[in-house]
Amino acid sequence: MSISQLCIYIAVYILPALYFFGLACVVLIQQSRRLENRLITAILVAYSFLYFGEFFRHLLPIEYSSTVSGIGLGLIGLLVSDLTLHLYIYVSNLYMYIPRLVYPGVFYVPFLILLLAQVIHWRTIPFILHEPRGLWYAPIYNEAYYIVLTISAMLNIIMLYILIIGLRKTVNIQKRKLLTFLIVCTVVVFTLKASMGYLNFGEHIPPYTFLIEGIVFSIFISFSFLHNDLLPNISRRYRTLFDISPIPIMILDDKLDILEINKQGKFLLNISDPTDMNVMKYARTEHNKKLLRKLIEQIQLNGTLRDYSLALDNLFLDGRIHISIDAKYVVTSKDRIYYVMLRDVTSEVEKEKMIMHLAYHDVLTDLHNRAFFVTHINKKLVELSKKTVGEAYFILLDLNHFKIINDSFGHSVGDQVLQYTAELLKDATNKRDLVARFGGDEFVLFLEGFRTREDFDEWLSQLRKAFKETSFVYNDIHIEVTPSIGIAYSPEQGSSFEDLFHVADLNMYADKESLKSRK
C-alpha cells in the first residue's frame with residue numbers, strides 16, 4: 001500500500017470518524033439527561049465505528065472483507081437502524097402507545113438475534129462478497145447485496161412513516177419543526193441509498209452507501225443543533241427562561257458590575273444599556289446606595305435571602321419604590337456571583353398601608369380610632385409605669401349641643417363640624433401624642449412631655465381659647481363649637497385605660513354642668 005493510498009483512506013474514513021466522535025461528545029455534554037441526546041450520541045458513535053471499521057478493512061487482505069463487513073460492520077449498521085427507530089418513536093411520542101414491557105427493547109431484538117447468530121456461527125444472513133475496484137474493496141452486486149440493501153431501504157420507509165404519523169398527531173409547534181426536520185433528513189438518506197446503492201459507480205466513490213448516509217445525517221444533526229435549536233442545550237433553555245421571565249432578574253459580580261439583566265430588570269431600574277455598568281451607578285441617591293450596601297452584606301452573611309424588602313427612592317416618580325428581593329451568593333474558586341430576583345411590590349405595600357390605615361383610623365376625621373387608641377395607650381401606660389418620674393394626661397373631650405347642630409343643619413354639616421374639631425386637635429398636639437375619635441362627638445387624647453402640671457394647664461387653656469376664638473363657618477352660617485373636657489392624671493388617678501377613662505368621664509360631665517351654669 002502506497003503512502004498516497006493510505007492518506008486517501010485517512011481522509012475518507014479516519015477524519016469523518018473523528019468528526020462523528022467529536023460531535024457525539026458535544027451532543028452528550030450539552031444535556032446528558034435527555035434521551036434524545038443520548039440516542040443521537042449513540043448513533044454518531046456507531047457511525048464513527050463504521051468508518052473506523054472500513055478503514056481497517058481496507059488495510060487487511062481482501063479475503064477478510066466479507067467477514068469484517070458481515071460480522072462487525074453488519075452488526076453496527078443494524079444497531080444504527082435500531083437506535084434511529086428508537087429515536088424516531090420517542091420524538092414522535094408514539095412510544096406512549098407501546099406497552100412498557102415491549103418498549104424500548106423491541107427495537108434491539110434484531111440486533112441481539114444477529115449477534116447471537118454470529119456467536120454460535122449461524123449463517124442465516126449470507127456474507128457479501130468483495131472485489132478490488134480501484135482503491136477500494138467494493139462489494140459484488142449479487143443477490144445477498146441487494147437483499148441487505150432492500151431491507152435497509154424498507155427500514156427507512158418505516159422510519160418515514162413513523163415520523164409522518166407523529167407529525168399528524170402533534171400540535172406542539174416546536175415538536176412539529178423537529179419532526180419536519182427529521183422527515184426531510186430521512187427522505188434525503190433514502191434517496192441517497194436508492195440512487196447510490198442500486199447503481200454501480202465503479203471505483204469513482206467509496207463502497208457502501210452508509211458512509212454517505214452518515215455524513216448527511218451528521219450534517220442535518222449539526223445544522224439543527226447549532227442553528228435551529230431543535231436539540232436545545234441546558235444553557236439555551238435557561239437563557240430563554242431568563243429573557244421571558246416576568247420577574248426582573250440580574251446577575252452581579254463581586255464588584256457589583258452587572259453581568260446579566262433581563263428586559264424586566266432593565267425596565268424596573270430604567271436601564272437602557274447595562275454594558276460595563278455598576279449597579280451602584282443606578283442607585284444614584286445616597287439613601288439607595290446605603291440600602292444596597294446593607295443588602296450585599298446580608299447576602300454575604302446569609303448566603304441566601306428570601307423576601308428581603310427595600311424601600312428605594314423613586315427617581316422617576318415622587319415617593320418610594322418598594323422592592324422584594326430573593327438573592328443567592330455563589331462562591332467558586334474563581335468567581336463570586338450574586339443572583340438577584342426583584343419584585344416591585346409598591347402597589348402591594350401601598351394597599352397594605354391603606355388597609356392598616358383604615359383598620360386603625362377614623363374614616364371621617366382621619367384621626368386614630370378607638371381600637372388603635374386603646375391598644376397603644378396600654379403600651380404607653382406600661383412604659384410609664386417603669387419610669388420613676390413623669391406624668392401623663394388623659395383627656396376626654398365632648399362637643400356641646402352637637403345633637404342640635406345635626407338636627408338644625410343636617411348630618412352633613414355635623415360631619416364637617418367633627419372634621420373641624422379634629423383639625424383643631426391635630427394643630428394643638430404633636431406626633432408622639434395619641435389623638436383619636438372615640439365615637440360620635442367624643443374625642444380622646446393621651447399626652448406626655450410636659451415638665452410640670454402648670455405647663456399642661458397652660459396648654460389646656462390654649463386649647464379652650466382656640467375653640468373660643470374660632471368658629472365653624474358653613475356658607476353664611478357661623479357655628480361656635482364649644483367642648484366639655486375631662487382630665488385624668490396618670491399614674492396619680494389611674495394606671496389603666498379603664499380607670500383613667502372613668503375619672504375623665506366624670507370630670508367631663510362636671511365640666512359640662514359648669515358650662516351650663518355659667519350660661
Side-chain angles (χ1 to χ4, degrees), residues 357-381 384 391-407 409-450 455-474 479-490 493-494 496-516:
H357 186 85
L358 293 174
Y360 290 110
H361 283 76
D362 176 60
V363 177
L364 179 63
T365 63
D366 202 38
L367 293 176
H368 291 303
N369 58 17
R370 180 173 185 150
F372 181 92
F373 185 86
V374 172
T375 301
H376 283 72
I377 192 177
N378 285 326
K379 292 181 181 178
K380 286 184 173 291
L381 289 171
L384 189 63
E391 189 174 45
Y393 307 90
F394 185 98
I395 302 170
L396 181 60
L397 186 147
D398 175 86
L399 300 183
N400 297 320
H401 313 300
F402 184 71
K403 185 177 184 304
I404 297 175
I405 295 173
N406 271 336
D407 293 342
F409 305 107
H411 288 278
S412 176
V413 174
D415 290 343
Q416 293 181 53
V417 169
L418 294 174
Q419 292 170 344
Y420 161 79
T421 304
E423 291 300 320
L424 284 178
L425 296 178
K426 288 178 185 177
D427 293 339
T429 55
N430 54 49
K431 291 184 178 180
R432 69 173 180 268
D433 296 327
L434 286 179
V435 183
R437 181 187 175 198
F438 209 63
D441 61 327
E442 285 188 335
F443 297 84
V444 286
L445 300 86
F446 187 77
L447 311 180
E448 296 180 88
F450 294 102
D455 291 340
F456 169 72
D457 291 338
E458 176 63 24
W459 175 87
L460 186 60
S461 176
Q462 291 296 324
L463 179 63
R464 291 185 185 275
K465 184 178 180 181
F467 274 99
K468 186 175 182 179
E469 292 181 351
T470 60
S471 60
F472 172 76
V473 179
Y474 176 72
I479 301 175
E480 183 180 347
V481 181
T482 58
S484 296
I485 301 175
I487 312 296
Y489 304 99
S490 177
Q493 295 178 316
S496 67
F497 166 76
E498 291 78 9
D499 293 340
L500 293 173
F501 183 84
H502 177 69
V503 174
D505 189 47
L506 292 175
N507 290 334
M508 184 192 70
Y509 278 101
D511 186 55
K512 191 181 291 288
E513 293 299 324
S514 175
L515 289 173
K516 287 181 181 179

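Please read these numbers as outputs of a predicted model, since none were measured by experiment.
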- request: Would you mind reporting whether Tyr474 and Ile479 have side-chain heavy atoms less than 4.5 Å apart?
  value: no
query: Minimum heavy-atom separation for Val435 to Thr429, with atom names?
result: CG2-OG1, 3.6 Å
- line: Ala504 and Ala488 have their tightest heavy-atom pair at N-CB, 3.9 Å
- line: When rounded to the nearest 0.5 Å, the distance separating NZ of Lys380 from CG of Asp433 is 7.5 Å
Straight-line distance of Arg464 CZ to Ile485 CD1, nearest 0.5 Å: 4.0 Å
query: Considering all heavy atoms of both residues, which atom of Phe472 and which atom of Val481 are nearest to each other, and what is their separation?
result: CB-CG2, 4.1 Å
query: What distance separates Glu391 CD from Phe450 CZ, expressed to the nearest 0.5 Å?
result: 11.0 Å
query: Does a side-chain heavy-atom distance below 4.5 Å link Thr375 with Phe372?
result: no
field: Check: Phe456 and Ile395 side chains under 4.5 Å, non-hydrogen atoms
entry: yes
task: Decide yes or no on side-chain contact (heavy atoms from CB on, under 4.5 Å) for Phe373 and Leu367, but give the supporting numbers first.
output: CA-CA 10 Å; Phe373 185 86; Leu367 293 176; over 6 Å; no
Shortest non-hydrogen separation from Gly414 to Ile405 and the atoms involved: CA-CG2, 4.5 Å
message: Rounded at 0.5 Å granularity, tell me how far OG in Ser471 sits from OH in Tyr420.
response: 6.0 Å
Aromatic ring proximity, centroids under 6.0 angstrom, Phe443 and Phe438: no
- prompt: How far apart are the closest heavy atoms of Asn507 and Ile487, and which atoms are they?
  reply: ND2-O, 2.5 Å
- request: Mind checking the OG-CG spacing from Ser484 to Leu396? Nearest 0.5 Å is all I need.
  value: 9.5 Å
message: Taking NE2 in His361 as the centre, count heavy atoms belonging to other residues, nucleotides or ligands within less than 6.0 Å. Is the count above 12?
response: yes
field: Derivation of the side-chain contact (heavy atoms from CB on, under 4.5 Å) call for Glu442 and Met508
entry: CA-CA 11 Å; Glu442 285 188 335; Met508 184 192 70; 4.1 Å; yes
field: Taking every non-hydrogen atom, the tightest pair across Leu384 and Ser490
entry: CD2-OG, 3.6 Å
query: Are the side chain of Trp459 and the backbone of Ala428 linked by a donor-acceptor contact shorter than 3.5 Å?
result: yes
- prompt: Does one side chain, of Glu458 or Gln462, offer a donor that lies under 3.5 Å from an acceptor on the other?
  reply: yes
field: Non-hydrogen side-chain atoms of Val503 and Asp499 separated by less than 4.5 Å
entry: no
Heavy-atom check, side chain of Leu463 versus side chain of Leu425, under 4.5 Å: yes
message: Strictly distance-based, threshold 3.5 Å: is any side-chain N or O of Thr421 a donor or acceptor partner for the main-chain N or O of Val417?
response: yes
message: As an exercise, state the distance from CG of Asp366 to NZ of Lys426, rounded to the nearest 0.5 Å.
response: 4.5 Å
query: Can you say whether the rings of Tyr393 and Tyr489 are parallel (under 30°), tilted (30 to 60°) or perpendicular (over 60°)?
result: perpendicular
